[in-house]
Amino acid sequence: MHPILIIVFAPLVASIIAGLGNKSLGKVPAKVITTGGLFLSCLLSWPIFLSFLHGTAEPSVTPVLEWVRSGDMQFNWELRVDTLTAVMLVVITSVSSLVHLYSWGYMDEEPDQPRFFAYLSLFTFAMLMLVTANNLVQMFFGWEGVGLASYLLIGFWFRKPSAGAAAIKAFVVNRVGDLGFMLGIFGVFLVFNTVSIPEILAHAHDYAGSTIGFLGFRAGTLTVLCLLLFIGAMGKSAQLGLHTWLPDAMEGPTPVSALIHAATMVTAGVFMVCRLSPLFVESETAMNFVTFIGAATCFFAATIGTTQWDIKRVIAYSTCSQLGYMFFAAGVGAFGPAMFHLFTHAFFKALLFLGAGSVIHAMHHEQDMRYYGGLRKHIPLTFWAMMFGTLAITGVGLEEIGGFAGFYSKDAIIEAAYAKGTGLGHFAAWMGIIAALLTSFYSWRLVFLTFFGKPRWNQSEHIQHAVHDSHGHGHDDHTHGHDHHGHHHAHDDDGTAGYHPHESPLVMMIPLAVLSFGAIFAGAIFTHFFVGIEGAPEFWRGALVFNKELAEAAEHLPTGIKLAPFFVMVIGLVTAWVCYLKVPSIPAAFVRTFKPLHTFIYNKWFFDELYDFLFVRTAFALGKIFWKGDKAIIDGLGPDGAARVVAAGSAGAKKIQSGFLTSYALWMLVGLVAAVTWVLKH
Amino acid sequence: MNGFPILSLMLAVPLVAAIACLFADAKGARWIALAATLVDFVLGIILWSHYQVGGAQWQFTESVPLFAGFKWALGIDGIALVLILLSVFLMPMCIGASWLAVQKRVPEYMALFLLIETLIIGVFTAQDIFLFYIFFEAGLIPMYLVIGIWGGADRIYASYKFFLYTLLGSVLMLVAMMWMVNLAGTSDVPTLMEYHFPVAAQKWLWLAFFASFAVKMPMWPVHTWLPDAHVQAPTAGSIILAGVLLKMGGYGFIRFSLPMFPEASAYFAPLVWGLSMVAVVYTSLVALVQSDMKKLIAYSSVAHMGVVTIGLFAFNRQGLEGSMMVMLAHGLVSGALFFCVGVIYDRLHTREINRYGGLSINMPKYALFFMFFTMASVGLPGTANFVGEFLSLGGIYQASSWVALIATTGIILGAAYMLYLYRRVAFGEQKNADAAAMPDLDGREWTMLALLAAATLWMGVYPESFIAPMRADIAHLDARLAQAKPKGDAQVTPGNPASVAPTEEEHAQGSAE
């Protein structure tokens, strides 16, 4: 039996046991089963990845069950393992098992734990089905499965109205993308007469230059297919236009944000484009579109990240922006760097989220950074974890010396985009550099606001509650954590309100430590395999299109371009330091001076308002109109109208009724003859 | 099963039990009805297991001449088989759903349901066109009575509307049937399915049949009877109405309209597409603004049936098989959703969505099942609906990308109205004390929902069990439709001529990878 079967199905089995057992099973058994299942998957995944790293493994497809056979449309349940899958396997199972472990601490006071862990494991199963898919429909199964798990987890605290709304939004906006994905699959079937991924990729080149009719237009066949599929990727990976669900998804518990909305699910779109890279490279239009969307998202999301106050939202926009990097890398044909950034990003972004979770845990569920400050001394381990994450995401490093994980992958992307040499490539590279500046700024802003400066906790309602509760007025129904600190009086002068944050328990610290290791070293260790000119073709072995010329061109760029990311990183750091530590009055002054700009960015470019007006309100308004139409027009002309006519007519008919049977018979005969004559004539 | 009249037996069991019910008391009638429907279910399983996939097109045939060429002719193909399976599976559910919910005139109620079962199976087994007509139309009467007697406050209006609508179409169909039999000289359905009617006549005949099937389906704009009928019907009535009676329209299309009038079907396909597209978008939007749970699900049925008609008139195997799968899936899932509504209606006696809220707190098991069927209704892969919708929509894409695009928006709108419903019912805080005090599922309810869920998953993960019996019949129909097939709008031009020659080589590369 191939270990992939256990890797994929252990989380499913664990999820079913924990989910159906739920409260009768008890918290601890449910946690042990799900976490154990995930660690088992993780332990089995690493050897597979390492064997691909050493070049000893062969791609394989393990059949599971027949699924659908309808004419030529055939697809089965089967698990594909190749280099690309192996990369995703270690990302998914590692982050997921760490998040499971972390949740033991983070969700400790939650009464509904079995449900939570069951959802987490269910998510992991769906994600694994997605990355092991050998046909587009199974990929779609995983695609929708992770969507379901995401919906359930965002809505985990279902009593909160905002959680319910965010869950629906995530699902429905994703469905818009799925519409594209589905049509893309249909189109692929129409053209290739199969939905099997290897067969499609093998024949992709045959259709370069052919055209297809779509919605009355004629366009390049592969352009249409790739764009449709890419709409799916945009939804899942929260790219510009379909990104609105991701920030709201932060309503879910923080471990969920780390696993689903940072490390794994949102990268599914990037994975899909890389998996189908031989198809995408055949359509220049599609590639340009991918590049443009990626570059635009990477800039757009980064601007919003600089203005938000909610610690999770900052990281959420940061994720959105980093995904943009991955997409424009793919768009210029640098699929290796795209996957590399996906890989390193999974570690440092999961780290940042879990670190933020640790801060939130320590700060009694306060998420507003305006009420943080000075936490460095109180939660030093979390502080260092966040520091490593920040150093990784801002791409600290120099070519001669080495650097943190993000340095290798992000620089590889910017260089590849520039090396592409086209106008769009340069545009993407510059967008990437500007976004790197913004990334550095908002990341250090987050660190400075949270860990440096003076405590500003006394303004937080959460903290006030906590202090109040600990003075003996605690409420039993208070589910959001309680703290066992001493009964000090509020020291309003030092800004702490008498509150003492505590470092999180060990089960939360171990994942932070492991991920810190990844954030520091993952880049240096793996750069040779993912993007190295010698290593990468050996490593990928056709699992994605590795453009060697592009990689070589990226080696020989002007020094100015190569150093630009480093310089902007320093500028961002210094700016953040000046604005938030040295002269804290600057941000407020800036906001006053550039009021309209700030309002525009702070309100996320007004996408939510626009969509609400365009789609949500319109749909409800149309629904009401149509519903009235049913009553007034259809029923009015139909049965109700007929009833009125009959009532009126029967009054007249009374006069015709003679009471003689023969005259009725005559009328019936006349009618029948007329009807039959009419039918026969036509 | 050589010569054993199992189909007649399946018709007779509920009929005899129906008569027996009339002489029993309430408790006795319940048990008789349950026993009879379970016997029919077992017979259905036997039918399934003895059906030879790849065998004769018509199996288990019986034929007894009655009078004037009119025959008691029964027989099934794979298409009929799976619909019979759906019916016999749902009937015990209906009895179970009415076990406590119906307290007045129980014997008559049970008798009517058993009569409905006989008539439904009759529709799917009849091989004589007039026999079919009788079963098809007679099915109206018990349903009319169920709504009219055991229905809600506005039941009289609803039952008349239901009756008038469905009857109106039928009259035209009868005239058409007479004309056909007259021309072809036989009332045998398999023979008529192979008969070539003149193309000009086909159009009129098609329209006459369409009038009847479109109402039954129901297609926009003759759908307005359905929400009223559902809202007023008792839970079991809704289950059987959505689960099986609506499928009679789809069955009519696939058994009569398509094989008998292929040219006319192709000619009118754009009409069907148009109405179906409107149905998907229009009724989904209407579902979004409903405040009555049953009405919401009823409107969603119309939208789902739109996908069925789109698939049927896609003129390819994916479309046809997809439509059949949507019908089966919708039978299970909408039946289950109506039962879910029934469960809380029995407790609180209101269908107003706003009276509920936060049910996940006091009814976690119920919330789980309701979530499951909500997701199934939304067409999540792994559930039955996905297979059907995917194939149907994939089928229509080959005919028209516009239709595919509009119809596929149903997956967005469907998610919106179903999740919005779920949120208002199961999420949020408990708003009303009486809703918050409702007990969770009891054993009977749990068992029924678990069975429905298991069937939904089975059909979603391994639909081959259900597609295999009808594959040959669909292929046969597809071949018959092939000559009339409308041209698709894709028309892919051959690409990259330079690369056509080395295809073999590339293929080898691809598989080496």
Side-chain angles (χ1 to χ4, degrees), chain A residues 22 65-71 73 137 140-141 144-145 148 155 158-159 161 164 168 171-172 175-176 178-179 182-183 185-187 189-191 198-199 201-203 205-216 221 542 619-620 622-624 626-627 630 634-635 638-639 642 675 679 682, chain B residues 161 164-165 175 179 200 204 221 224 282 285-286 288-289 316-318 321-322 358 360 364 375 380-382 387 390-391 393-394 397-398 401-402 404-405 408-409 411-412 415-416 419-420 423 427-429 462-464 467 489-496 499-500 503 506-507 509-511 513:
Chain A
N22 207 345
L65 187 71
E66 186 173 8
W67 190 5
V68 170
R69 189 148 56 87
S70 174
M73 174 88 88
V137 189
F140 191 70
F141 167 84
E144 294 274 276
L148 165 70
F158 59 81
R159 291 169 188 240
I168 293 188
F171 198 90
V172 174
R175 275 264 158 152
V176 177
D178 296 348
L179 166 78
M182 258 175 106
L183 290 176
I185 300 177
F186 299 153
F189 175 71
L190 176 76
V191 173
E199 286 181 40
L201 300 185
H203 292 283
H205 189 61
D206 303 357
Y207 289 93
S210 87
T211 62
I212 191 173
F214 183 71
L215 305 183
T221 305
F620 276 90
L622 279 177
K624 289 209 175 90
F626 288 156
W627 188 29
D630 255 19
I634 298 178
D635 278 355
V679 166
H682 291 277
Chain B
K161 203 169 171 183
L164 280 177
Y165 251 125
V175 176
W179 193 87
W204 291 108
T224 59
Y282 177 109
L285 289 171
V286 175
L288 198 59
V289 298
N316 50 46
R317 292 186 59 173
Q318 288 79 36
E321 281 173 352
S360 299
M375 280 298 164
L380 204 75
V387 177
F390 184 81
L391 291 176
L393 296 169
Y397 185 93
Q398 298 168 49
S401 50
W402 262 116
L405 174 70
T408 313
T409 56
I411 70 165
I412 305 171
L419 295 182
Y420 185 44
R423 178 186 162 196
F427 282 179
E429 285 293 350
Y462 189 68
E464 184 61 17
I467 298 181
D489 68 345
Q491 303 299 322
V492 184
T493 61
N496 210 353
S499 76
V500 172
T503 302
E506 276 171 21
H507 191 74
Q509 269 178 13
S511 45
E513 170 226 323

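In what follows, chains carry the letters A, B, and so on, assigned in the order in which the sequence lines appear, proteins first and then strands, with residues in each chain numbered from 1.
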**Prompt:** Do R69(A) and I467(B) touch side chain to side chain, with heavy atoms closer than 4.5 Å?
**Reply:** no

**Complete:** Of all heavy-atom pairs linking E321(B) and S70(A), the shortest is OE1-OG, 2.5 Å

**Asked** Heavy-atom distance under 4.5 Å between the side chains of F620(A) and Y420(B), does that happen here?
**Response** yes

**Asked** Looking at L405(B), L393(B), T493(B), which makes the most heavy-atom pairs under 4.5 Å with chain A?
**Response** T493(B)

**Item:** Nearest non-hydrogen partners of L215(A) and D489(B), listed with the distance
**Value:** N-OD2, 4.4 Å

**Prompt:** Are side-chain heavy atoms of M375(B) and F171(A) found at a separation under 4.5 Å?
**Reply:** yes

**Request:** Would you mind checking which part of V387(B) comes under 4.5 Å of any heavy atom in chain A, side chain (CB onward), backbone (N, CA, C, O), both or neither?
**Result:** side chain

**Ring geometry between F186(A) and F390(B) (parallel below 30°, tilted from 30 to 60°, perpendicular above 60°)** = tilted

**Item:** Heavy-atom pair with the smallest gap, counting every atom of M182(A) and T408(B)
**Value:** SD-CG2, 4.2 Å

**Request:** Measure distances from T211(A) to the heavy atoms of chain B and classify the residue's part below 4.5 Å as side chain, backbone, both or neither.
**Result:** both

**Prompt:** Looking at Y397(B) versus F189(A), is the centre-to-centre ring distance below 6.0 Å?
**Reply:** no

**Request:** Locate the shortest heavy-atom distance separating G213(A) from S401(B); write the atom from each residue and the value.
**Result:** O-OG, 4.4 Å

**Message:** Under 4.5 Å from any heavy atom of chain B, what part of L183(A) do you find: side chain, backbone, both or neither?
**Reply:** both

**Message:** Is M73(A) in contact with chain B via its backbone, its side chain, both, or neither, using a 4.5 Å heavy-atom distance?
**Reply:** both

**Request:** Check I168(A) against L419(B) and note the closest heavy-atom contact, atom names and distance.
**Result:** CD1-O, 3.5 Å

**Largest heavy-atom contact set with chain B, pairs under 4.5 Å, which of D178(A), V191(A), V176(A)** = V176(A)

**Prompt:** Which value, rounded to the nearest 0.5 Å, describes the distance between T409(B) atom OG1 and R175(A) atom CZ?
**Reply:** 12.0 Å

**Request:** With rounding to the nearest 0.5 Å, note down the distance linking OG in S360(B) to CZ in F158(A).
**Result:** 4.5 Å

**Fill in**
Bottom line for L391(B): the part with an atom under 4.5 Å from chain A's heavy atoms is side chain

**Complete:** Heavy-atom closest pair (L285(B) atom, F626(A) atom, distance to 0.1 Å) is CD1-CE1, 3.7 Å

